Colleague: 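Sharing a structure here in structure tokens format.
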Number of protein chains: 2
Amino acid sequence: MSEASWDRSQCSVAGTLGVVGEKWSLLVLREAFHGVRRFADIQRFTGAPKAVLTDRLATLVEHGILRREPYQAEGARQRHEYRLTTKGLDLFPVLIALMEWGDKYLATGDVPPVALEHRDCGSAVHLGLRCDEGHEVGSARQVRAIPQGAALSAG
Amino acid sequence: MSEASWDRSQCSVAGTLGVVGEKWSLLVLREAFHGVRRFADIQRFTGAPKAVLTDRLATLVEHGILRREPYQAEGARQRHEYRLTTKGLDLFPVLIALMEWGDKYLATGDVPPVALEHRDCGSAVHLGLRCDEGHEVGSARQVRAIPQGAALSAG
DNA sequence: ACCCCTGAGTTCATCAACCGAACCTAGAGC
DNA sequence: GCTCTAGGTTCGGTTGATGAACTCAGGGGT
């Protein structure tokens, strides 16, 4: 495996997992993408214990993935809700990739539990790999991963 | 949030995370995609403790994401190596999604640590959302997630 | 003025997961 | 029959997760 021997210390996969890879974090983001913003709702839909949820929300806010904003329901005092930032919205492909794999390999019913549609045209949305020449990349086997820059320094 | 109130129990995101969402699992798969197959190498490149690695490899094999195959290095006894199955190869988009987000938001150098190229044509490979009409979907905001089938039963 | 309700947490005791170091094991070569 | 190596297993200590109980700040009802 000498070819695969390069410096993983600043690997982007590991880095991203360091931010959103803890238990519950990605489920919190799933709820955010479904438009759920309040602590109690997130707690109910994810099933995360409150203490963990408090911690995960704080981490996500700290990293600029969610932002904590005041809101006021009628006849209630001011509280805070959690909303996706642009940085957070950019995690959408991660969720979709997880979802599509689950739809394919963990299917229980005849139809996946959630469908995605393009708001502009109403047709189904999918994630796909393609190269700059415009070719569809069907399998991971057709892709070569090449370490470059600072990653080349050591093993 | 009554609109977002549907049954998450068979959510594909949660399901997939149940399979590959534990600590180290996705880093093990990163190594698999880099062609690393042997226990000691995976251990060295991921930094996972051996006991945890043993457990994660067993789980991944159990779920048919990796398969354990005998090999024999010259002048050594027969051992086993871990290789991606088709089911495992299909997790590639998850890794790429994590990588692309990290490249964008956690960059330290001037160039990402790993580049992806299409073997057939040599140009860069990217992950993209698009709809069946062929439109590129730029942002998560342009996508509507619609619960369907069994997910509609309860909240 | 007082009490109760709600959403958003905090605290605490218990239990599971993770960690690194040390140890074990089966075969190959000497 | 000794040693080396890859691929584990075992162990004690530490960290993280869990669910139940408790707190806190306001608003509304009486």
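Atom set for the values below is all heavy atoms of this structure, side chains included, hydrogens, waters and symmetry mates excluded. A note on names: the letters A, B, ... follow the listed sequences, proteins ahead of strands, and every chain is numbered from 1. Just so you know, these numbers come straight off a predicted model, no measurement behind them.
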Colleague: Output the single nucleotide from D:dT5, D:dT9, D:dA17 whose closest atom is nearest the side chain of A:Arg56.
Modeller: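 Selected nucleotide (nearest to the side chain): D:dA17.
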
Colleague: Where the side chain of A:Ala51 is concerned, which of C:dG9, D:dT10, D:dT18 is the nearest nucleotide?
Modeller: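 For the A:Ala51 side chain, the nearest candidate turns out to be D:dT18.
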
Colleague: Of all heavy-atom pairs between A:Ala32 and A:Leu66, which one has the smallest distance, and what is that distance?
Modeller: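 Taking A:Ala32 first and A:Leu66 second, the nearest heavy atoms are CB-CD2, 4.2 Å.
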
Colleague: Taking all non-hydrogen atoms of both residues into account, name the closest pair between B:Pro113 and B:Asp103 and its distance.
Modeller: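 For B:Pro113 versus B:Asp103, the nearest heavy atoms are CD-OD1, 3.9 Å.
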
Colleague: Nearest whole angstrom, please: distance from the C1' of C:dA21 to the CG of B:Leu53.
Modeller: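 One finds 17 Å between C1' of C:dA21 and CG of B:Leu53, rounded.
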
Colleague: In this structure, how many angstroms lie between the P atom of D:dA6 and the OH atom of B:Tyr71, rounded?
Modeller: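 Those two atoms, OH and P, are 8 Å apart.
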
Colleague: Take the protein atom CD of B:Gln43 and the nucleotide atom P of C:dC19, then report the distance between them rounded to whole Å.
Modeller: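 So the two atoms are 11 Å apart, to the nearest Å.
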
Colleague: Would you find a donor on one side and an acceptor on the other, under 3.5 Å apart, between the side chain of A:Thr59 and the backbone of A:Asp55?
Modeller: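 Indeed, once roles are kept as given, a pair shorter than 3.5 Å links the two residues.
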
Colleague: For A:Arg79 and for A:Asp55, locate the closest nucleotide of DNA chain D by heavy-atom distance; then report the residue assigned to the nucleotide nearer the 5' terminus.
Modeller: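 Upstream on the strand: A:Asp55.
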
Colleague: Taking only N/O atoms, report every protein-nucleotides 27-30 of chain D pair under 3.5 Å with atom names and distance.
Modeller:
none

Colleague: Strictly distance-based, threshold 3.5 Å: is any side-chain N or O of A:Gln10 a donor or acceptor partner for the main-chain N or O of B:Thr108?
Modeller: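 No, A:Gln10 side chain to B:Thr108 backbone: no donor-acceptor pair under 3.5 Å.
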
Colleague: Check this one for me: any side-chain N or O of B:Tyr82 less than 4.0 Å away from OP1 or OP2 of D:dG8?
Modeller: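 Answer yes for this pair, as a side-chain N or O of B:Tyr82 is under 4.0 Å from OP1 or OP2.
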
Colleague: Quick one: is D:dA6 close enough that its OP1 or OP2 comes under 4.0 Å of any side-chain N or O from B:Arg37?
Modeller: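 The answer is no; no side-chain N or O of B:Arg37 sits under 4.0 Å from OP1 or OP2.
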
Colleague: Write down the distance between CG (A:Leu57) and P (C:dA8), rounded to a whole number of angstrom.
Modeller: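 After rounding, the gap between these two atoms is 10 Å.
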
Colleague: In whole angstrom, what separates B:Glu69's CD from D:dA6's C1'?
Modeller: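 Checked: the CD to C1' distance equals 18 Å.
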
Colleague: Which of these nucleotides, C:dC19, D:dG19, C:dA8, is closest to any side-chain atom of B:Pro49?
Modeller: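 Shortest atom-to-atom distance from the side chain points to C:dC19.
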
Colleague: Taking atom P of D:dG7 as reference, at what distance in whole Å does atom CZ of B:Arg38 sit?
Modeller: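 Roughly 7 Å, once rounded to whole Å.
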
Colleague: Counting only side-chain heavy atoms from C-beta out, which of C:dC19, D:dG8, C:dA8 sits nearest to B:Phe39?
Modeller: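 Closest of the options to the side chain of B:Phe39: D:dG8.
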
Colleague: Taking all non-hydrogen atoms of both residues into account, name the closest pair between A:Leu27 and A:Thr46 and its distance.
Modeller: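 Minimum heavy-atom separation between A:Leu27 and A:Thr46: O-CG2, 3.7 Å.
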
Colleague: B:Arg44 CZ to D:dG7 P: how many Å, rounded?
Modeller: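 Interatomic distance, CZ of B:Arg44 to P of D:dG7: 12 Å.
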
Colleague: Can you run down the side-chain hydrogen bond (donor to acceptor under 3.5 Å, both in side chains) pairs that involve residues 83-95 of chain B, sequence neighbours left out, and say none if there aren't any?
Modeller: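 Sorted pair list: A:Lys104-B:Asp90, A:Tyr105-B:Asp90, B:Glu81-B:Arg83.
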
Colleague: Can you classify the ring geometry of B:Phe33 versus B:Phe92 as parallel (below 30°), tilted (30 to 60°) or perpendicular (above 60°)?
Modeller: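 The arrangement is tilted - the two ring planes meet at 30° to 60°.
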
Colleague: Has the side chain of A:Arg56 got a donor or acceptor atom that lies under 3.5 Å from a matching backbone atom of A:Lys23?
Modeller: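 Judged by distance alone, yes, a pair lies under 3.5 Å.
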
Colleague: Does anything in residues 14-26 of chain A reach DNA chain C, meaning a heavy atom under 4.0 Å, and if so which residues?
Modeller: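 Of all residues in residues 14-26 of chain A, none places a heavy atom under 4.0 Å from DNA chain C.
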
Colleague: I'd like to know if A:Glu69 pairs up with A:Arg37 as an ion pair, taking the criterion as any Lys NZ or Arg NE/NH1/NH2 lying under 4.0 Å from an Asp or Glu carboxylate oxygen.
Modeller: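 A salt bridge is absent here (no side-chain N lies under 4.0 Å from a carboxylate O).
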
